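Lettering of chains follows the sequences in order, A, B, ..., and the numbering in each one begins at 1. What you see is a predicted model; the values in this text were computed from it and never measured.
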2 protein chains.
Amino acid sequence: MGKDRKIDHVILGLLAHENLTGYDIKKMIDGAISFFWKGSFGSIYPALLSLEQEGLVVRAAEEGTEGAREKTVYSITEAGRQSLLAWLEQSKAANDLKYESLLKIFFGGIAEPEVTLKTVRAFEKETEENLKLLRLCRDNLEKVLDQKDHLYYYLTVTFGIRSYEAYLKWCREAAALLKKAAGEKSSR
Amino acid sequence: MGKDRKIDHVILGLLAHENLTGYDIKKMIDGAISFFWKGSFGSIYPALLSLEQEGLVVRAAEEGTEGAREKTVYSITEAGRQSLLAWLEQSKAANDLKYESLLKIFFGGIAEPEVTLKTVRAFEKETEENLKLLRLCRDNLEKVLDQKDHLYYYLTVTFGIRSYEAYLKWCREAAALLKKAAGEKSSR
DNA sequence: GTTTAGATATATCAAATTGATATATCGCTT
DNA sequence: AAGCGATATATCAATTTGATATATCTAAAC
């Protein structure tokens, strides 16, 4: 059973690029990968302590401790890099989704079609906003695509864009079917 | 804080349609909604006890207890139906995704492009299989679309199909870019 | 100059969830 | 009669969330 902490891979992956504090890690997750992965302080800080004990990360040397505010910058070790690589190389991956919107749509038969139509509209609006952000992101990335790691970031962003575009197309179809259902109901 | 159990809505939604045991609920989740929502026995059984205490479900009258194997069939109450409806009517919804595949792709720069290409291929294969199943599902549903609840089931299935189709399109683009990156590397 | 608001930084906790394991019965085949 | 897979419930450690608490630093506002 033991060793099932997904957050470890996120932390090691981010630290493989640069030294970070727990707070920095949270910011990175929220900024760069939140559209397909989330993480909270409550999992990050305990995981950092645990990774340190396992020797996969170490506290980075502090420059100028003088009067500096207390913070713990972490750095990945060679063992950490190996662990990360081992995870990357097993191409199997668990993709777990929890779409509360779809759950509401699935159970829509319990309420009037208008209720589900509202759920679809809310989902559509949220998706439009997310899509707008990701497109901005992509436009910026395309200017620097030649640089080493940017291809990989670009790939995840285009995944998000393709997905969101498909969601929006579906939203329009779904809304049309629900309006039809609402119409049939009222004209009986 | 309290009352944050998403599994409650799944259970109530399923019970709104028919009486079920905890085991039945697990089977329903696995069969009908697993492509966008999962649930384990470890959350279902405790939730059923809790919902019973809150008066949202009751143990259904057993027919022919004679020699029948022990099982607990649950039934939704009027209060349960109201609770479910209240949840449906607030169109806000939390959609939480955990794509381990994308996480591996995001951190792909640490390994050779071939490693990420393998991850994309594995994701593509899994998606193709899922898509095949959902298309079968849709074909069967289209024959009975006139029936009450089937529209809502159909909507979630088409959501899955549209998403998976978009994933596959992206997989091909991603594979092409990764092959190019691998080629540039070897010809330096 | 000082209050105040927002960002930085870490820690902790109850509640929810996962994934595994344990236990036992039933129905079917060998 | 043995064995296997499905039915059925329960439990537990480990993980994760989301909230809350605490404290400092920075910059703007007054």
One would report the end-axis bend of the helix from C/dG1-D/dC30 to C/dT30-D/dA1, five pairs per end and rounded to 10 degrees, as 20°
With sequence neighbours left out, the residues meeting side chain to side chain contact (heavy atoms under 4.5 Å, CB included) with A/Thr21 are A/Tyr23, A/Asp24, A/Lys71, A/Val73
Taken to the nearest whole Å, NZ/A/Lys26 to C1'/D/dT20 is 14 Å
Residues of residues 12-24 of chain B with a heavy atom under 4.0 Å from any atom of DNA chain D, listed by number, are B/Thr21, B/Gly22, B/Tyr23, B/Asp24
(message) Would you say that A/Ser163 contacts B/Trp170 through its side chain, given a criterion of any heavy-atom pair below 4.5 Å between the two side chains?
(response) no
Taken to the nearest whole Å, CG/B/Asp30 to C1'/D/dT7 is 14 Å
note: B/Ile7, atom CD1; D/dT16, atom P; distance rounded to Å ~ 19 Å
Taken to the nearest whole Å, CG/A/Asp4 to P/C/dG19 is 7 Å
With the side chain defined as heavy atoms from C-beta on, B/Lys71 is closest, among D/dT9, C/dA16, C/dT10, to D/dT9
The correct set of residues in residues 35-51 of chain A placing a heavy atom under 4.0 Å from DNA chain D is A/Lys38, A/Gly39, A/Ser40, A/Gly42, A/Ser43
Taking the side chain as everything from C-beta on, heavy atoms only, tell me whether B/Leu85 gets closer than 4.5 Å to B/Arg81.
no
Could you go through residues 101-117 of chain B and list every donor-acceptor pair under 3.5 Å that involves a side-chain atom there, pairing it with any protein atom two or more places apart or in another chain?
from     : atom 1 : to      : atom 2 : distance (Å)
B/Ser101 : OG     : A/Asn95 : OD1    : 3.4
B/Ser101 : OG     : A/Asn95 : ND2    : 3.0
B/Lys104 : NZ     : A/Trp87 : O      : 3.0
B/Lys104 : NZ     : A/Gln90 : O      : 2.4
B/Lys104 : NZ     : A/Lys92 : O      : 2.8

Sorted by chain and number, sequence neighbours left out, side chain to side chain contact (heavy atoms under 4.5 Å, CB included) with A/Arg138 holds for A/Arg135, A/Glu142, A/Tyr154, A/Val157, A/Thr158, A/Ile161
Taken in chain and number order and not counting sequence neighbours, the residues that satisfy side chain to side chain contact (heavy atoms under 4.5 Å, CB included) with B/Thr72 are B/Arg59, B/Tyr74
B/Asp8 meets the salt bridge (charged side-chain N to carboxylate O under 4.0 Å, His left out) criterion, sequence neighbours left out, with B/Lys3, B/Arg5
In this structure, NZ of A/Lys125 is separated from OG of B/Ser91 (nearest 0.5 Å) by 10.0 Å
Result block: side-chain N/O donor-acceptor pairs under 3.5 angstrom for residues 175-182 of chain A, not counting sequence neighbours:
none

Output side-chain donor-acceptor pairs under 3.5 Å for residues 32-43 of chain B, partner residues at least two apart or in another chain, one line each.
from    : atom 1 : to      : atom 2 : distance (Å)
B/Ser34 : OG     : B/Asp30 : O      : 2.9
B/Lys38 : NZ     : B/Ser34 : O      : 3.0
B/Ser43 : OG     : B/Ser40 : O      : 3.0

Worksheet item: Quick one: is A/Lys6 getting a side-chain N or O under 4.0 Å of the D/dT15 phosphate, OP1 or OP2?
Response: no
Rounding to 0.5 Å, atoms CD (B/Glu128) and CG (B/Asn130) come to a distance of 10.5 Å
With sequence neighbours left out, the residues meeting side chain to side chain contact (heavy atoms under 4.5 Å, CB included) with B/Gln53 are none
For A/Thr77 and A/Gly55 the tightest heavy-atom approach is OG1-O, 2.7 Å
Numerically ordered, the residues 91-102 of chain B set in heavy-atom contact under 4.0 Å with DNA chain D is B/Lys98
Next item on the list: For D/dT9, take OP1 and OP2 only and decide whether either is under 4.0 Å from a side-chain N or O of B/Thr72.
Entry: yes
